[in-house]
Amino acid sequence: MSRPMLGAGFFEGDALEVAPKLLNKLLVRGGLVGRIVEVEAYRGSEDPASHAYRGMTPRNATMFGPAGRLYVYFTYGMHWCANVVCRPEGIAQAVLLRAAAPLAGTEAMQAARGSALRQRDLASGPARLCQAFGITGADDGADLVAVDRGIYIADDGVPPPDHPGVSGRVGIRDGVDLPWRWWVPGDENVSRPPAAKRGASRL
DNA sequence: CTTTGGATCGTCT
DNA sequence: GACGATCCAAAGG
């Protein structure tokens, strides 16, 4: 099976366009491989929920850099989260990687995640995904095209869903109504399944 | 299954 | 000094 690595062109574009394109792509680091099944778009100066809404700071500087870099930030005093930067230098937009389906290296992911876990909990959340792939602040600014820190994104031929799930973003205060979260319908690794509707527990 | 509260610290005001 | 782009364990139905 071939797994072409994605080039710089793939990552350049509005976050609203790049985010859903990343669904079903592969996140790769060494022997660790996961299929991206949930993402959110953050649109810098045009997005009150974005870390970059009020301009550049030391923390969010990577978001203002070139597309195809990884913006990694620390939050809640204990968690790392990873984003793919998707606009040219000077414009701060990025796509938060919220969940992945483990495909390879699952034993190492389990070890990295600690306590006994079901397969579907290994990377079902932005901080869990980083833990599973060993992504930390040391990886902030990593170049996904030059693969300077062993991390890249590949395409194994599985296209994004024709009709991805869409909702408001998770865990934010402002901009909650903007439908900028996408996921692969029916995938068990999605961090927060769509609000459980009465009598609609299955997909 | 759902809800609740605690952990824990870098960042920005 | 307040508050997170979160997670987990524990407790309740």
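Chain A is the first sequence line, chain B the second, and so forth, proteins listed ahead of strands; every chain is numbered from 1.
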Original post:
How would you label the contact of Arg59(A) with the nucleic acid (heavy atoms, under 4.0 Å): base, sugar-phosphate, or nothing?
Top reply: sugar-phosphate
Original post:
Between dT6(C) and Arg98(A), is there an OP1 or OP2 to side-chain N/O distance shorter than 4.0 Å?
Top reply: yes
**OP:** Write down the distance between CG (Leu129(A)) and P (dA5(C)), rounded to a whole number of angstrom.
**Re:** 17 Å
Original post:
Who are the side-chain hydrogen bond (donor to acceptor under 3.5 Å, both in side chains) partners of Arg59(A), not counting sequence neighbours?
Top reply: none
**OP:** Provide the Watson-Crick or G-U wobble partner of dT8(B), both distances under 3.5 Å; none if there is no partner.
**Re:** none
Original post:
Among dA5(C), dC8(C), dT6(C), which is the nearest nucleotide to the side chain of Arg128(A)?
Top reply: dC8(C)
Original post:
Can you check the Arg113(A) CZ to dT6(C) P distance for me, whole Å?
Top reply: 14 Å
Subject >> Nucleotide nearest Tyr73(A) (side chain, heavy atoms from C-beta), chosen from dC8(C), dA5(C), dT8(B) >> reply: dA5(C)
Original post:
Of the nucleotides dC8(C), dT11(B), dA5(C), which one has an atom closest to the side chain of Thr57(A)?
Top reply: dT11(B)
**OP:** Figure out the OH/P separation between Tyr53(A) and dT13(B), and round it to whole Å.
**Re:** 13 Å
**OP:** Please determine if Arg35(A) and Asp156(A) form a salt bridge, counting it only when a charged side-chain N lies under 4.0 Å from a carboxylate O.
**Re:** yes
Original post:
Glu38(A) CD to dA5(C) C1': how many Å, rounded?
Top reply: 11 Å
Original post:
Going by the angle between their ring planes, with limits at 30° and 60°, are Trp80(A) and Phe74(A) parallel, tilted or perpendicular?
Top reply: tilted
Original post:
Has the side chain of Tyr76(A) got a donor or acceptor that lies under 3.5 Å from a partner of the other kind on the base of dA7(B)?
Top reply: no
Original post:
Under 4.5 Å between any side-chain heavy atoms of Tyr71(A) and Asp140(A), yes or no?
Top reply: yes
**OP:** Grab the CE-P distance between Met78(A) and dC8(C) for me, whole Å please.
**Re:** 11 Å
Subject >> Protein-nucleotide distance (Asp121(A), atom CG; dC8(C), atom P), rounded to Å >> reply: 8 Å
**OP:** For Leu96(A), answer base if it contacts any base atom (sugar-phosphate contacts may also be present), sugar-phosphate if it contacts only those atoms, and nothing otherwise; contact means non-hydrogen atoms under 4.0 Å.
**Re:** base
**OP:** Compare the ring of Phe74(A) with the six-membered ring in the base of dG10(B) and state whether they stack (centres under 5.5 Å, planes under 30°).
**Re:** no
**OP:** Would you indicate which nucleotide in dG4(C), dA5(C), dT6(C) comes nearest to any side-chain atom of His79(A)?
**Re:** dT6(C)
Original post:
If we call it a pair only when both distances are under 3.5 Å in a Watson-Crick or G-U wobble match, what pairs with dA5(C)?
Top reply: none
Original post:
Between Ser124(A) and Arg120(A), does any side-chain donor sit less than 3.5 Å from a side-chain acceptor?
Top reply: no
**OP:** Quick one: label Ala127(A) by what it contacts on the DNA or RNA (base, sugar-phosphate, nothing), any heavy atom closer than 4.0 Å.
**Re:** sugar-phosphate
**OP:** Take the protein atom NE2 of His51(A) and the nucleotide atom C1' of dG4(C), then report the distance between them rounded to whole Å.
**Re:** 7 Å
Subject >> Nucleotide dG4(C), atom P - distance to CZ of Arg54(A) in whole Å >> reply: 12 Å
